[in-house]
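Because the structure is predicted, anything quoted here is derived from the model rather than measured. Side chains included, hydrogens not; waters and symmetry mates left out as well; all remaining heavy atoms used.
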Amino acid sequence: MDEPVFDLEKMMKLTNKDRLLSLVFNDLMSRKDFKDEREVYHIIFNGYVLNDSIMEDEYMNC
């Protein structure tokens, strides 16, 4: 299987259907350090999706 590549639309869909990712997203967006949604989705992608086979599968199916 190919390594997942960041796609904003896929991350938005995955975050909307995954409770943990949604909580992480809302937490990061509430901090003053992060205001750019794309950056936050990218951080979540790198920290929670990559190298986690279950999350990678979920992401690829979005």
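One distance of note links CE of Met60 with CG of Leu14; it measures 12.0 Å at 0.5 Å rounding. The line from CE of Met55 to CG of Leu20 is 7.0 Å long, rounded to the nearest 0.5 Å. The CG atom of Asn61 sits 12.0 Å away from atom CD of Glu56, with the distance rounded to the nearest 0.5 Å. Taken from CG in Asn16 to CE in Met12, the straight-line distance is 7.0 Å, to the nearest 0.5 Å. Atom CG of Asp36 is separated from atom NE2 of His42 by 11.5 Å, given to the nearest 0.5 angstrom.
Here the side chain of Asp27 pairs no donor or acceptor atom with the backbone of Leu23 at under 3.5 angstrom.
For the pair Tyr48 and Val24, the tightest heavy-atom approach, listed with the atom from each and the gap, is OH-CG2, 3.6 Å. Across every non-hydrogen atom of Tyr59 and Val5, the tightest pair is OH-O, 2.6 Å.
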| CA sep, side-chain torsions, deciding dist, call: Asp7, Phe45, side-chain contact (heavy atoms from CB on, under 4.5 Å) | CA-CA 9 Å; Asp7 179 293; Phe45 175 77; over 6 Å; no
| Where do Glu3 and Leu50 land on the side-chain contact (heavy atoms from CB on, under 4.5 Å) test, with the steps shown first? | CA-CA 8 Å; Glu3 175 123 355; Leu50 290 182; 4.1 Å; yes
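Proximity of the aromatic rings of Phe6 and Tyr41 is defined here by a centroid distance below 6.0 angstrom, and this criterion is not met.
In this structure, the side chains of Lys10 and Pro4 stay at 4.5 Å or more apart for every pair of heavy atoms.
Screening Arg38, Glu37, Lys13 for a side chain to side chain contact (heavy atoms under 4.5 Å, CB included) involving Leu8 leaves a single residue, Arg38.
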